[in-house]
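This structure is a prediction, so every number in the text was calculated from the model and none was measured.
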Amino acid sequence: MRKVVTLKDVAQRVGVTAAAASMALSGNERISDSTRSAVQRAADELGYVPSSAGRALRNQRAGAVALIVPNSSQHVFGHNYFMHVLTGVSTAANAHDAQVIVSTNADQENGVAAYERVMRSRSADGAIVTSAAIEDRNVERLVESGLPVVLIGNFPYLADAVSVGVDDVGATATATDHLLQVHGRTALVHVTGTLDHQTGVDRREGFLRAVRAAGVEERSIIVEGDLGEESGAAAMRQLLAEGADFDGVVFANDDMALGGMRVLVDAGRRVPEDVSVIGFDDFGIARVTTPAITTMRVPAEEMARLATEQLFDRIEDTDRAPARRELPVTLVVRESCGCRPAADER
C-alpha cells in the first residue's frame, strides 16, 4: 500500500516546521513568498492531499469551537480547574456567537477518540486542547492536521504550536524560595502532580531549582502525588511513618495541600508552627481551609479566554500574536506558611 503523505513529510522536505508548512499552503502572509513556493512545490512532488477537516474549514464555518480534554477519568472534570477553563472558553466563544463542543474520553488508552471526533468531522472551526499527557502524540497530529489549534499548557516538543500557559518552573521556585528565605525552612518536601503531564514535571523542576540554589537539596524530599486530596494525605502519612525530618511542604496543588494538612494536624504537627505549607492553583478551597492555604494563583480562566480569542484570530487568519503566551502567576500569602494574610484575604 502506498504510504499516506502527511504535512510533516512536506515540512521535512523543505526544512520548515509543520505549522509553517500549513500556513504556507493556506497562503498566510506571515510566510515568505519563497517558502510558500517551496512548500507548494514539495506538496505537489510528494502528492500531499490536505485533510478533509482542513479543506472543510477553508470553505465553510461550523459556528463552533471544540474544547478537547483527552482523558477525563483522573483529575480533570472533578477538579475546579476544568470549570475555570470552561468558563473562559465559553466567555470568549459567546462573544463570537459560537458554540463550545467538549470532546473527551474516559480513559487515556482510548483518548484518541477525543481528537478523532474533531479532526474527522466538520463540527468545529478550531480546537483548544487542555490537560494532554506528555506522551500524547495525538496533540501533534491535531496541530499538523490543518485545523486551527491553540494549546493550554506547556508543550516543549511543539515549540512552534500556538499555546497559552504559565511558567510552572519559575512559579514553584518562587513558592519554595518563600519557605526558604522568608520562613527559614531548610528541610522541605515537594509532593508532585502527575509526572506524565508537563505541569507535574515543571513544578518538580522548579522545586529542585530552588533547593539546589539554596544548598539544601540533600535535606529535601520528593514524593509523587496525583493531584487528588487523598494523595496529599497519603504522602504525609508515608513520611510520618518513615520518621522523615521536614519543616515545610510545597504541594503541586491545593487539593493535595488540604489532604496533607489534615494528616499533619491529626498527627500533632502544627501548621504553620511546625510545618509550613504552600499549595498551587488557588481555584477555591485554599481560602476556606483552616489555616487558609498560601498558594500560587494560576489565572486559568484568563488563560482559557485568551487561548479562545487566539483561536478565533487563527480561524479568521488575523493572528499576529507570538506562538507562546505566558501569563503571570501570583503568590497569595495566607496563614499556612506562617505569614499574616493580606488585608483583602481576611
Inter- and intrachain pairs under ring pair (Phe, Tyr, Trp, His ring centres under 6.0 Å), touching residues 128-187, at least two apart
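Listed once each, the pairs are His178-His183.
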
Mind jotting down which residue pairs meet the ring pair (Phe, Tyr, Trp, His ring centres under 6.0 Å) criterion with at least one end in residues 84-104? Sequence neighbours excluded, please.
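Sorted result for residues 84-104: His84-Phe283, His96-Phe312.
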
Any donor-acceptor N/O pair, [X] side chain to [Y] backbone, under 3.5 Å:
X      : Y      : value
Arg13  : Ala42  : no
Thr172 : Val169 : no
Thr194 : Asp196 : no
Asp168 : Thr199 : no
Ser90  : Leu86  : yes
Thr87  : Glu301 : no

Drop me the distance from [X]'s [atom1] to [Y]'s [atom2], to the nearest 0.5 angstrom.
X      : Y      : atom1 : atom2 : result
Asn80  : Asp255 : CG    : CG    : 7.0 Å
Met256 : Glu230 : CE    : CD    : 12.0 Å
Ser123 : Gln99  : OG    : CD    : 9.5 Å

Pair [X] + [Y], salt bridge at N-O below 4.0 Å:
X      : Y      : result
Asp33  : Arg36  : yes
Glu224 : Arg204 : no
Arg297 : Asp281 : no
Glu144 : Arg141 : no
Arg340 : Glu335 : no
Arg314 : Glu316 : no

Close side-chain approach of [X] to [Y], heavy-atom, < 4.5 Å:
X      : Y      : answer
Val223 : Gln238 : yes
Leu179 : Val250 : yes
Val118 : Ile68  : yes

Salt bridge (Lys or Arg N to Asp or Glu O under 4.0 Å) partners of Asp202, counting only residues at least two apart
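Salt bridge (Lys or Arg N to Asp or Glu O under 4.0 Å) list for Asp202, sorted by chain: empty.
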
From CA spacing to verdict: side-chain hydrogen bond (donor to acceptor under 3.5 Å, both in side chains), Thr186, Arg219:
CA-CA 7 Å; Thr186 57; Arg219 297 195 63 192; 3.0 Å; yes

Enumerate, atom names and distances included, each donor-acceptor pair closer than 3.5 Å involving a side-chain atom of residues 270-280, sequence neighbours excluded.
{"unit_1": "Arg270", "atom_1": "NE", "unit_2": "Asp274", "atom_2": "OD2", "d": "3.2"}
{"unit_1": "Arg270", "atom_1": "NH2", "unit_2": "Asp274", "atom_2": "OD1", "d": "3.0"}
{"unit_1": "Asp274", "atom_1": "OD2", "unit_2": "Arg270", "atom_2": "N", "d": "2.8"}
{"unit_1": "Ser276", "atom_1": "OG", "unit_2": "Arg185", "atom_2": "NE", "d": "2.9"}
{"unit_1": "Ser276", "atom_1": "OG", "unit_2": "Arg185", "atom_2": "NH2", "d": "3.1"}
{"unit_1": "Ser276", "atom_1": "OG", "unit_2": "Cys337", "atom_2": "O", "d": "2.8"}

Would you please test Thr294 and Val332 for side chain to side chain contact (heavy atoms under 4.5 Å, CB included) and show each step?
CA-CA 6 Å; Thr294 295; Val332 180; over 6 Å; no

Mind checking what makes side-chain contact (heavy atoms from CB on, under 4.5 Å) contact with Ala213, not counting sequence neighbours?
none

Can you confirm whether the side chains of Arg325 and Ser163 place a donor and an acceptor under 3.5 Å from each other?
no

Does the side chain of Tyr81 come under 3.5 Å of the side chain of Ser131 through a donor N or O and an acceptor N or O?
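Tyr81 vs Ser131: no donor-acceptor pair found between side chains.
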
Side chain to side chain donor-acceptor pair (under 3.5 Å) against Thr35, all qualifying residues, sequence neighbours excluded
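So Thr35 forms a side chain to side chain donor-acceptor pair (under 3.5 Å) with Ser32.
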
Testing Asn253, Asp254, Asp282, Thr330 one by one against Thr295 for a side chain to side chain donor-acceptor pair (under 3.5 Å), which residue passes?
Asp254

Under the criterion side chain to side chain contact (heavy atoms under 4.5 Å, CB included), I'd like the reasoning laid out for Val10 against Val39: C-alpha separation, chi angles, the key distance, then a yes or no.
CA-CA 7 Å; Val10 175; Val39 171; 4.0 Å; yes

When hydrophobic residues are tied together by side-chain contacts of less than 4.5 Å, even through go-betweens, does Ile221 share a cluster with Val249?
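Hydrophobic grouping puts Ile221 with Val249.
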
